[in-house]
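In what follows, chains carry the letters A, B, and so on, assigned in the order in which the sequence lines appear, proteins first and then strands, with residues in each chain numbered from 1.
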2 protein chains.
Amino acid sequence: MGKVKTKNKFNDFLLTQGLKSTNQRELILEEFLCAGSHLSTEELYLRLRRKNPRIGYATVHRTLKLFAECGIAEQRHFGDGQARYEASDHDEHHDHLICVACGKIVEFEDPRIEELQVEVAGGHGFTIERHRLELYGCCSDCCQG
Amino acid sequence: MGKVKTKNKFNDFLLTQGLKSTNQRELILEEFLCAGSHLSTEELYLRLRRKNPRIGYATVHRTLKLFAECGIAEQRHFGDGQARYEASDHDEHHDHLICVACGKIVEFEDPRIEELQVEVAGGHGFTIERHRLELYGCCSDCCQG
DNA sequence: CCTCAATTGAAAACCGTTTTCAACTTAAAG
DNA sequence: CTTTAAGTTGAAAACGGTTTTCAATTGAGG
């Protein structure tokens, strides 16, 4: 989803929910979209402060929750104890490769794995709603090259 | 691994590390082994208190960490914000199915998925060290039967 | 403009986890 | 069986990320 489309979606969301469009929300969305994905609240907050020192952590936190609520962002946890947010391409699911050395996060998608998941779950009487697959290892920059 | 073998392993661990065998540690290990797996620290602590009200949360916490360190338990996070521990069958890996309705946790293993994971990771230049696969959905007790 | 509800930021509360510290155990030495 | 040194315990405090509170501010419709 393009930047403009995402911003429109957020504005629509605000309107339909009776929420207000504010300067902070615009700044946060802009920074969220142009900064790399998978930023933590803290990281995004620090980036924003560089440009606008008057912005508060609580506002960043609340705004990220709004993003998630309206479907333009998704919250993730990669085991380092803090929540991270990634821009959501909506209905296009992907999983993650995480380098344990440098922290790099790569997204991937594999329909064959998804298919097997459904099969395995079915075998146990489960209907899958969502899943989480994270592969932790070493990327080529860190461990081979 | 049987109960006795696990207890021996823990005692060996204590010896080789210069740690002491204490009444609390025995109680906690016994309860950990006979209570169902995937208990949180809090849950195990509450169970232990019923039998021995003088036991402290900190001790349960520290002892579970020891279990993990010595390889008889593994810490897991299933997204509800608290750490859970499961008895470890060592080198036999498995993943989890979690019922979003009743919280039931089922373990499974599928070599085909593992194989694909290695393949996909390799395609991105990664060498997998470990992974996490959790399927969240509805079990047959909750959503169908 | 005015008004009122929504929003903001600083600070406090929260919640699971981890550490501190003085009292207490353990195990090995005497 | 002491004694002793080191490890352990539990209550309480500290921690760290998250979430809420609240008084002051801002946005948008009347």
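- Taking atom CZ of residue B/F13 and atom P of nucleotide D/dG7, one finds them 14 Å apart after rounding to whole Å.
- Residues that satisfy the salt bridge (charged side-chain N to carboxylate O under 4.0 Å, His left out) test with B/D95, not counting sequence neighbours, are absent from this structure.
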Which pairs would a plain distance check flag for residues 54-63 of chain A, meaning a side-chain donor or acceptor within less than 3.5 Å of a matching protein atom at least two apart in sequence or in another chain?
| residue | atom | partner | partner atom | Å |
| --- | --- | --- | --- | --- |
| A/R62 | NE | A/A58 | O | 3.4 |
| A/T63 | OG1 | A/T59 | O | 2.6 |

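- Separating the CD atom of B/E26 from the P atom of D/dT8 is a distance of 13 Å, rounded to the nearest angstrom.
- Between A/L14 atom CG and D/dG29 atom P the separation is 13 Å, expressed in whole Å.
- Remark: B/F13 pairs with no residue by the ring-ring contact (aromatic ring centres under 6.0 Å, His included) rule, at least two apart or across chains.
- Of the two residues near DNA chain C, B/L19 and A/T63, the one whose nearest nucleotide lies more 5' is A/T63.
- For C/dT25, the OP1/OP2 oxygens have no side-chain nitrogen or oxygen of B/Q24 closer than 4.0 Å.
- Between the P atom of D/dG27 and the CG atom of A/L15 lies a distance of 15 Å, rounded to the nearest Å.
- Atom CD of B/Q17 is separated from atom P of C/dT26 by 20 Å (rounded to the nearest Å).
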Annotated protein contacts, base or backbone, on nucleotides 11-26 of chain D with a non-hydrogen cut-off under 4.0 Å, one of B, S, - each: B-----SSBBB-----

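- In this structure, B/H96 has its ring center under 6.0 Å from that of B/F78.
- By the ring-ring contact (aromatic ring centres under 6.0 Å, His included) test, A/F32 pairs with A/F67, sequence neighbours left out.
- Evaluation of the side chain to side chain donor-acceptor pair (under 3.5 Å) rule for A/R47 yields A/E31 as partners, not counting sequence neighbours.
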